[in-house]
Amino acid sequence: MSIDKDVKYLLEDFGLYQVPVDPVKVAEALGVVYVEKKHEGFEGTLVVMGNDAVISVNSNMKDEGRKAFTCAHELGHYQYDINSQKSFQCTREDTTFEASKNKLAPMEIRANEFASELLMPREFFLKEIGQKEPSWELIKDLSKKFGASLQATASRYVKLSSHTCWLVVTKNSKLHRYTKAEYNDFHINLDSTLRSIKGVQGWQESSAHLWLYDHWKIRNKQLLYWQLGENQYGDNLVLLWDEGNSLLEDSFELSEDDQNDSGEFGAMYWGKK
């Protein structure tokens with residue numbers, strides 16, 4: 001069964017299938033105790049001893065949306081992983097599911113997918129976004145409605161939107177990690193550097209090759225980007241948008257370099273190393 005169906009049935013069983021979803025109430029319904037304590041080096045823990053289970057979330061976090069996501073992440077471990085492991089200590093990196101150079105363990109990826117689905121159920125989220133174009137105003141409104149952090153909400157929008165867009169997280173002007181939809185085959189080049197433009201609001205135009213791996217479709221193409229500014233963790237959140245989905249709709253002619261010996265599309269065709 002898929003995670004979205006698992007979450008829907010879980011919430012329906014407890015009469016909690018409505019927005020916003022309170023993960024603490026879900027924990028209570030499952031018989032899991034929720035507490036907040038100061039932690040150093042990690043944001044959430046889950047400890048299971050016999051029939052007792054406790055989720056502890058770092059009280060130092062200021063963002064209530066981050067606390068909610070961390071609680072939901074630990075619930076993901078409770079749902080899927082306690083048969084093989086009885087305690088979890090999850091760092092901030094564990095609870096961010098964007099693609100990065102540091103690969104997450106499969107169970108952490110699944111816990112993040114569960115958390116995203118729990119806080120922003122697919123059915124309700126799709127109704128809210130419809131065909132709406134990406135913007136930080138829209139994502140801020142969605143964040144408030146669903147009680148999720150801005151970053152988690154932006155990631156959810158990017159994954160489910162019909163618009164070709166990315167969430168890029170930068171730190172010290174370096175591209176750090178990103179989110180994209182599964183249908184979007186254009187990957188962010190994390191070796192690129194972003195020149196921050198302070199005080200600039202709204203969409204700005206930028207060459208696609210500054211963001212994406214080299215690919216025949218990005219040549220002479222422009223993307224729109226919108227920097228939000230640094231959050232409490234020193235991350236700069238950036239929305240990147242291919243307005244009009246031009247990267248997906250162009251016609252093309254294949255060259256020998258686009259295919260490997262088996263006639264399949266090679267890594268350079270998809271803009272990957």
Side-chain angles (χ1 to χ4, degrees), residues 1-37 39 43-59 61-90 92 94-97 107-130 132 138-161 179:
M1 187 177 294
S2 61
I3 289 177
D4 59 329
K5 290 182 179 179
D6 285 347
V7 168
K8 182 176 181 179
Y9 295 151
L10 173 67
L11 294 176
E12 286 180 338
D13 285 346
F14 293 123
L16 297 174
Y17 193 55
Q18 57 189 2
V19 174
V21 175
D22 184 347
V24 175
K25 289 184 178 180
V26 178
E28 292 173 350
L30 289 168
V32 179
V33 175
Y34 174 85
V35 298
E36 293 186 14
K37 295 181 180 179
H39 297 300
E43 294 201 343
T45 68
L46 169 65
V47 178
V48 179
M49 297 182 65
N51 294 324
D52 298 323
V54 178
I55 287 174
S56 178
V57 169
N58 192 351
S59 60
M61 287 191 290
K62 298 178 182 179
D63 188 342
E64 293 299 320
R66 281 296 302 166
K67 289 181 179 179
F69 191 88
T70 302
C71 176
H73 175 97
E74 301 305 332
L75 284 173
H77 286 312
Y78 183 78
Q79 288 295 100
Y80 297 114
D81 303 318
I82 59 174
N83 288 333
S84 59
Q85 188 173 324
K86 299 302 182 183
S87 66
F88 302 83
Q89 291 185 342
C90 300
R92 182 167 179 268
D94 291 330
T95 57
T96 53
F97 49 81
M107 69 170 54
E108 301 299 346
I109 294 174
R110 182 171 57 190
N112 285 328
E113 291 174 349
F114 178 89
S116 181
E117 189 67 46
L118 187 75
L119 294 180
M120 297 167 279
R122 180 180 299 264
E123 179 180 349
F124 297 118
F125 201 83
L126 286 173
K127 286 180 180 178
E128 287 294 326
I129 67 174
K132 294 176 183 176
L138 170 62
I139 290 170
K140 287 177 182 178
D141 289 342
L142 292 170
S143 174
K144 292 177 181 178
K145 185 175 185 65
F146 287 89
S149 70
L150 203 62
Q151 187 168 332
T153 305
S155 292
R156 188 67 164 161
Y157 173 86
V158 163
K159 285 192 170 186
L160 296 182
S161 174
T179 302

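- Checked options E108, R66, E74; the residue passing with T95 is R66 (criterion: side chain to side chain donor-acceptor pair (under 3.5 Å)).
- Looking at heavy atoms from C-beta onward, Y9 lies out of side-chain contact with Y17 at the 4.5 angstrom threshold.
- The side-chain contact (heavy atoms from CB on, under 4.5 Å) test applied to L30 returns L10, F14, V26, V32, L75, Y78, Q79, not counting sequence neighbours.
- Pairing each heavy atom of I55 with each of C71, the nearest pair is CD1-O, 3.9 Å.
- The main-chain N or O of R122 is never found under 3.5 Å from a side-chain atom of D4 such that the two would form a donor-acceptor pair.
- Qualifying side chain to side chain donor-acceptor pair (under 3.5 Å) partners for R110, counting only residues two or more places apart in sequence or in other chains: D81.
- The shortest heavy-atom contact between L11 and P121 is CD1-CG, 4.4 Å.
- The distance from atom NZ of K159 to atom CZ of F125, rounded to the nearest 0.5 Å, is 12.0 Å.
- A salt bridge between E117 and K8 is absent, with no side-chain N of the basic residue lying under 4.0 Å from a carboxylate O of the acidic one.
- Among all heavy-atom pairs drawn from L119 and V21, the shortest one is CD2-O, 3.9 Å.
- Partners of T45 under the side chain to side chain donor-acceptor pair (under 3.5 Å) rule, at least two apart in sequence or in another chain, do not exist in this structure.
- Here the side chain of R156 pairs a donor or acceptor atom with the backbone of M120 at under 3.5 angstrom.
- A salt bridge links E64 to K67: at least one charged side-chain nitrogen sits closer than 4.0 Å to a carboxylate oxygen.
- Between Q151 and T96 there is a side-chain heavy-atom pair separated by less than 4.5 Å.
- Here the OG atom belonging to S161 is positioned 5.5 Å from the CD1 atom belonging to I129, to the nearest 0.5 angstrom.
- For K86, the NZ atom sits in a packed shell: over 12 heavy atoms of surrounding residues, nucleotides or ligands are nearer than 6.0 Å.
- Side chain to side chain, D94 and H73 fail the donor-acceptor criterion of an N or O pair below 3.5 Å.
- The shortest heavy-atom contact between S116 and F69 is N-CE1, 3.8 Å.
- In this structure, SG in C90 is found 3.5 Å from NE2 in H77, a value given to the nearest 0.5 Å.
- Looking at every heavy atom in both residues, S143 comes nearest to A148 through OG-O, 2.6 Å.
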Kindly indicate, with the supporting measurements, whether the criterion side-chain contact (heavy atoms from CB on, under 4.5 Å) is fulfilled by K145 and F124. CA-CA 11 Å; K145 185 175 185 65; F124 297 118; over 6 Å; no
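- Across all their heavy atoms, P23 and L118 have their closest contact at CB-CD2, 4.2 Å.
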